[in-house]
Amino acid sequence: MIPKELVDTINLVRFVFFRAIKSLPEVASFRALLQTSPSAREHMEAIRQVARAKRLQEFCDGHISCAFIGSSGHGKTTILDEMFPVLSKRGWLVTDVTDTTSQALRIQFAPPKTKKLARVLVHSWNAEQIKELLTHQEVEQQNRRDNIRVTWLENGAEVDGTEANFPEGDLEQFRFPRKVELRPFAFPYEVDREEALDRTFIRALTVKEQSQVMRTGPVLGVDGREYNALQLRAVVKDVTLHDTFRQVRDWAGLSQEQASHLTFVDTPGLAVAGSVKDEVLRHMLEKKSEQIAVQLWKEDELDILVHLVLVGRQSDFAGLWKAIERECGPGEMADLADRMILAVNGMNTYFTNRDIMAKYQDPERARREGDHFATTLEDNILQKMSPRGRIQPAKICFLDSRSIVETLTTGMYEEAYRRYLPIMESWLKPGGIGQQTLKNLGLLHDFRENMEALIDPSDRGQGFLVRQICQLIEKKGPALLIKKYFLRTGLISAIEDLLDLIGLYYDREGRLNRQAVEEALRSCLGFLDVRDPFGVDDFVAEAIDPELDALAEGADGGRWGDTAEAEGGWIVQRFQQMCELVKRTILERGQPSREVAAEFSRHFDTQSAIWLERWGYVTAKLPPPDRGFAASNPLITHCLKLHAREIVYQLLQDDHSDGDAAVFRQSEDDRHQILDLVRMLEDAYRSGVAACAENGVRL
Amino acid sequence: MSRSRKTKTGVYQWIVLPNTGIQICRGFPITERGRTKPEALWKLAEVVGRRFGEMEIIRLISDHIACNQELDATPWIPCDENEFVFFRLTRAGADMQLDLVADTRNGAGAQAGNKIPVLMQSGLIPLRKRAHLADIYVEEHQRARNEIGSLIMDFGNSGSAFIFSRGGAGPIQARMVQPANPFDPRYRERSADERNILRSNMIVLRVGPNGADAPWIVLGKRSEELIQDHPLATYLYAPKKYVRFWPEHLRAPEPTMKFCGILGQRDGLHPMLEFVGHTLDQMLQQVLASLTNPHGTSDEPEFYPQISRVMLTYPLTWRAVDRELFQGMIEGVTDRLLVHEAEIQKQFQVELVCSEPVAVAAYVLWETFFHFGTANLDLAASSLGNTRGGPELRLLIVDIGGGSTDIACVEIGWKVRQEDESVDVTFKLLESMRFNRAGDRLSHVIATGIREFLREKYGIVESLDFKLEAQEPAFTRVYKRLAVSKISELAEAAKAHISGSDEPWVLAQEEEYDLVRRFEPLLKGIDFEAKTRMGPRMYLDAETLRTWVMADRQSLETNGEPGFMDIFLYLEELRYSLKQKGRDPHMVVMSGRTTRLPFLKRMCTRYTNLPPHRIRTLRELLPDELKLQGYANMDKLAVVCGAQRFRFGDHIRFVSLPDSPIFNRYIGTVRETPTGLRLNKILIRPGDTQPRTITVPIDPARDVRIGHAFREDGSAQVIANLSNNSPVQHYEIELDILDDYTVSMAPHDHVLLTEWVPGGNDFIVDNFNDTGGIDGEPEGFLTRIVLGNKDRWLHE
């Protein structure tokens, strides 16, 4: 689904970057540069910071995570249960009760008949995340009200409800100790073969059992620390399971290799209420489901989102949306619609719920109140998914569950849908009730295919959903991966920075010019004292500012042409004028020899090309001063004055080396190493930029 | 006045709304002239007015009401002797008009539906002369045009500012409220700046014995003038510093004051906080009065503001309990003052919108992004110091106000939404520091210099502390109050002068005379008038003040309490800490009036190690051509404007992200060393996850201080104090350290926890204007500093 070439490109760029930051300090000349130049050191440190991003620590395997998010009781696990029948048999997908524990189930591919299929890993939250849940404002308030005391340990917390004032009736049901220590696992827990087949073990992890059948002893132990079922409810973040994806592969026609790039994540239900079964942890566990989704979001683990809503019910997604915005900012949700699929579950409801049926059976009512799709999709879901108005997901599809349909109709699934088919077909006819709404939602074309999938008992619309997911991955997956690895980590910018850094101190042949640059800077800027913080300001105020004011006056009376480029062209021109002015003034003051002046100019020009772009002059667009926009000229002059100071300041910092000139002697081998690294970085950068362009990602 | 309506009685009606403060209508037209000759009317008013001339309340109105005292006017006349509604006739040329005053919070003026006739009558029935000049009608709020909006308030120590943001109005359309002072006869002399920023000082004008009656309070510049003539009236300088939650076990040191007006008094001592409450009440009354009647000339309400939300900013120095206290105080005031429609009432809330430094950052960002436009944010970012590119900024806000200094390093990120070119801006507080030292400290040190000048030149050694009995009985508290007020005024003048001029401030001869005459009882036998003509004189320049500031440091002597200089020393530590984390600020933004002192920018440069062009005052952030009206005072107004833009930023939306839940400082027990406070036993390290529970052993009858520091061996600041009042029992106490500043403890029978509060646990610093205690904490500390370079500032 994700082209292999793209994954290779991502890994190549990543590899080159890591290799460069590892190899560069091993090159003697570069090491000397870092030892002697504070600004180069600082520059390099900022680049290294990017390498520490968690995402870049791992290879890109082209994996796409597809998360199912929906409210408790909307049939999410029932659908997954039918999608992954083998896991269902193993007991990991619990559908018979609604009171399940809050954790994500991560379903990954494993080839058939391999040991990996049986592998189950349990991951816990870290101490920070455990504490974060306990310091949620509402949790703190409720705990305080109930006199539940929390002790904050270095690596976790202890929740003490021994003095809590719960109602007597609740207390009678309590089975676990009232004092509960919550600590993260030292490492992920691997469920052994026996446990993986042990229903009791699985239920202890996945279900909040009734108190009378609750096992209160330790369920598992990690690194010598034992955890009972209540502790696990609080500390487990996710359980990773493996499956052959047989049905998924059949539905979407995926090869094993393609399926291996897919991960399905079953997130805990939204809008979960607290339960007395959670005993002293009831307040904190009330918030856990939402917190899991927020954490997955924060860790960039949700590529494709399947929001599952039961027909006739409302979406609770807005609550999660708000929580994510609170934690990450509103910009985080900007491209959400592009990677979201709305899965409308329980298609049978359109044919069994009287209120909904009335919407298409009574044309007058449909006209007056809106048809069945307008009510169930537009009013109940699309208008409610975001705290700020309507959003349109990338895809909408309808699906159903065999078990539910057969329970409700007490007949076979296919029989029920045979009855529903003519009704559905009537909706598609011109003038049919609902047809216009489907058209407005852009579903008219897909609905026929969706309908055919629904009547197929082996598909039930679930296969259709999977195919929609695959189509979306094909369409958006590459861009998602690029954004994830190149943009959000800052990898491409860091490579650009690294090339700038090398270009600043080495010539095109790989020769270190640090000594020459340093000497040139020292010679030209000798009139400024690096220890006097106000020297630069005084110099620019006296020698540059008046000239910039004069240039601004000239600009006011100038003609900048009528083309659209004029909006940016005049700004670039003004910046270049400022750079020339600064360079000329420094050379006039410094009175260097011709050779030194040439070296200084080369260095200055290299730098100013970088500044021009990095400081936003290239992309800036403001009406030229002759277009009657009074603010343009003063605004640009203001920036130029500040940047003139910054330029002199940066040059002066560069001039200030804390090393011995001898260290700058460079061997031929050293020069070749640098040249190789530069070529490698340039190739990687070009590949990265090309991948972005090909996939419509703006850098 | 063309809108004035005649009623059935044939007179014009002035319409007021209840609970909109003291309402004034100057130059109201009268209709009586048709029936009575003007001269007769005037004469009648003079006769009637004389009858009430001895009434204290009338004297108060005559002397203090914000009406033109230079006009030819009759004496003030009460509409009813039992009500607070008054009028007078004024004459300009041939035209005769009325000045009307109604207190809409007490008596008849507070009751909707009341009609109060403006009536004069004299003589006995057969000869009675009677003139009905106008009616005052108290209208129901619903009948006025109601405008829904939000009120944004920045309550400052030195001054307060307000914005009324009408629902749907853009950030620039929102109006700055000029809270008209009803008790300011010099109202016409006040500049626009003085009207935009209401000085927070208060004096009690009138108070009755009954606690239910609202006192009349005078705020602003006028209160400073009044204290000169009424030194025994209750006066509060910079009230914000008294906003502090005092738990029951710490009630004893809570400062109190008597409640004494220029007219009337109330029994007993009253907590300072009560006066803060009256100040806030008066402020909001003035805001309401100004919105309904902006110029004191409206004969009907312009509109009634349906305030659906009050948005407050707060200093970082306030603890959560102080913030809640302040919020509660404003809620109390709004409950009393605002009249809401049912729908608005349901949604009404008083909200703490953001801290003051975050408001300043929002202001800086909004103004910059607005002027640059969303297409040019890279250029905007580089102009704010991000020279590496990318949509991020780290601004270090150094907000030096009147009473507190808040420093915050804010990490800012943004994303432009392509579909509508709007910007989502996120804020995250990386680090913060808070000090109880600010502009008042500089005033305090200058006041100490002035006192030393008096000692040197006139031999005045008497303490000015109001609570101490004077050696010379004739030097009464009245004299002390007058002297302290003058010293305070001179200190402020000196600061203002140094902020705007390279020349030193000189205590001019006439000012010196005005100062010295307040010490007259101490100068028996001295021709001090002649002496003021001679040297030596006091010269104060920026360098002298800088030297004083540099010496004002935490020491054993100050019991670890930081001085003004410690702000910069900690700033250096903060810079070091941020650098370690790779989070150096791109730019330092200096806000608050005190930052006008030029040497503070130089000190900031030195201690942040950033180049001067990356340290900017608010005035320097944008070119002059882009500054809107009122920009000159942006160092003060940035907080209220920033808070308004924070919430109503139009296409630039702001969101505060939660702080990272890790500790940034070393936290542990504190010990004293010859070089100041240091951490003793370290219990928490930077990077540890918040919160943490620590156990602290405490011996019988001992105190243990908990403090934090940027480095293991760096200067420590106290954040809490544990006190074991058991003489025999040792305890192991569990403390929850919630973040770098907040400590909490479960209630204990013998061990008390006192959270860190600005100014220590039991006193409020730099409040010499309220106590007369110049240089008393500890005694002589500032004196030694100013005498260190006496020759520089005290010479011929």
Side-chain angles (χ1 to χ4, degrees), chain A residues 42-43 45-46 49 126-128 130-132 134-135 149-155 157-158 325-332 334 490 493 496-497 533-534 536-537 540 571 611 613-622 630-631 633-639 641-646 649-650 698, chain B residues 371-373 375-383 385-390 413-419 423-428 582 584 602 605-606 609-614 616 621-626 653 655-658 660-662 684 688-694 734 736-738 746:
Chain A
E42 198 179 310
H43 203 144
E45 185 44 41
Q49 191 72 27
N126 60 30
E128 197 177 296
I130 292 171
K131 286 184 180 181
E132 211 172 310
L134 279 161
T135 50
R149 160 107 180 109
V150 180
T151 303
W152 307 103
L153 312 171
E154 188 176 355
N155 187 29
E158 183 185 68
E325 280 198 349
R326 256 196 320 272
E327 293 277 327
C328 318
E332 281 297 307
S493 303
E496 199 182 358
D497 279 356
F534 293 92
V536 172
D537 212 43
V540 177
I571 300 170
W611 292 325
E613 197 176 325
R614 196 167 279 173
W615 293 351
Y617 284 95
V618 171
T619 52
K621 283 197 177 3
L622 282 168
N633 210 6
L635 202 57
I636 292 302
T637 307
H638 173 79
C639 293
K641 285 182 179 177
L642 183 115
H643 288 140
R645 284 161 172 79
E646 186 65 30
Y649 171 74
Q650 288 199 10
R698 271 177 33 164
Chain B
H371 286 294
F372 276 84
N376 302 311
L377 295 189
D378 287 347
L379 186 58
S382 71
S383 82
N386 175 1
T387 53
R388 287 239 180 273
W414 59 88
K415 268 186 187 167
V416 178
R417 294 192 187 202
Q418 301 304 331
E419 64 268 27
V423 199
D424 290 313
V425 184
T426 56
F427 281 95
K428 190 170 188 176
D584 304 69
R602 296 185 88 86
T605 304
R606 179 171 164 193
N609 203 29
L610 280 174
H613 62 274
R614 299 246 210 121
R616 306 218 139 191
L621 281 165
L622 285 172
D624 290 340
E625 292 86 341
L626 301 187
R653 288 179 291 271
V655 175
S656 263
L657 299 183
S660 299
I662 53 163
I684 290 171
D688 285 357
T689 56
Q690 291 175 359
R692 277 285 304 282
T693 304
I694 56 171
E734 279 196 346
D736 289 339
I737 314 288
L738 304 180

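Proteins come first, then strands; the chains are lettered A, B, ... in the order of their sequence lines, and each starts at number 1. Side chains are part of it too, since the values below use all heavy atoms of this structure and drop only hydrogens, waters and symmetry mates.
Residue N376(B) comes nearest to A620(A) through the heavy atom pair OD1-CA, 3.0 Å, listed as atom of the first residue, atom of the second, then distance.
The distance from atom CZ of F534(A) to atom CZ of R606(B), rounded to the nearest 0.5 Å, is 10.5 Å. Taking NE2 of H371(B) as the reference point, atom CG of L635(A) lies at 8.0 Å (rounded to 0.5 Å). For the atom pair W611(A) CH2 and T387(B) OG1, the distance stands at 10.0 Å (nearest 0.5 Å). Of the inter-residue distances, the one linking N155(A) atom CG with D688(B) atom CG reads 10.0 Å to the nearest 0.5 angstrom. Remark: W615(A) CH2 to L379(B) CG distance equals 11.0 Å, nearest 0.5 Å.
With a 4.5 Å cut-off on non-hydrogen atoms, A157(A) does not touch chain B at all. Contact of V618(A) with chain B is not made at all, since no heavy-atom distance falls under 4.5 Å. Contact of E42(A) with chain B is made through backbone and side chain together, with heavy-atom distances under 4.5 Å. For E154(A), the parts lying near chain B are the backbone and the side chain together; criterion is any non-hydrogen pair under 4.5 Å. With a 4.5 Å cut-off on non-hydrogen atoms, R614(A) touches chain B through its backbone and its side chain both.
With chain B as the partner, the residue from A127(A), A46(A), C328(A) showing the most heavy-atom pairs under 4.5 Å is C328(A).
With sequence neighbours excluded, no residue satisfies side-chain hydrogen bond (donor to acceptor under 3.5 Å, both in side chains) with E158(A). Listed by chain and residue number, Y649(A), H613(B), R614(B) satisfy the side-chain contact (heavy atoms from CB on, under 4.5 Å) test with P611(B) (two or more places apart in sequence, or in another chain).
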Please evaluate residues S382(B) and H643(A) with respect to the criterion side-chain hydrogen bond (donor to acceptor under 3.5 Å, both in side chains), reporting the C-alpha separation (whole Å), side-chain torsions for both, the decisive distance (0.1 Å), and the verdict. CA-CA 8 Å; S382(B) 71; H643(A) 288 140; 3.1 Å; yes
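R653(B) and E325(A) are not joined by a salt bridge, as no carboxylate oxygen comes within less than 4.0 angstrom of a charged side-chain nitrogen.
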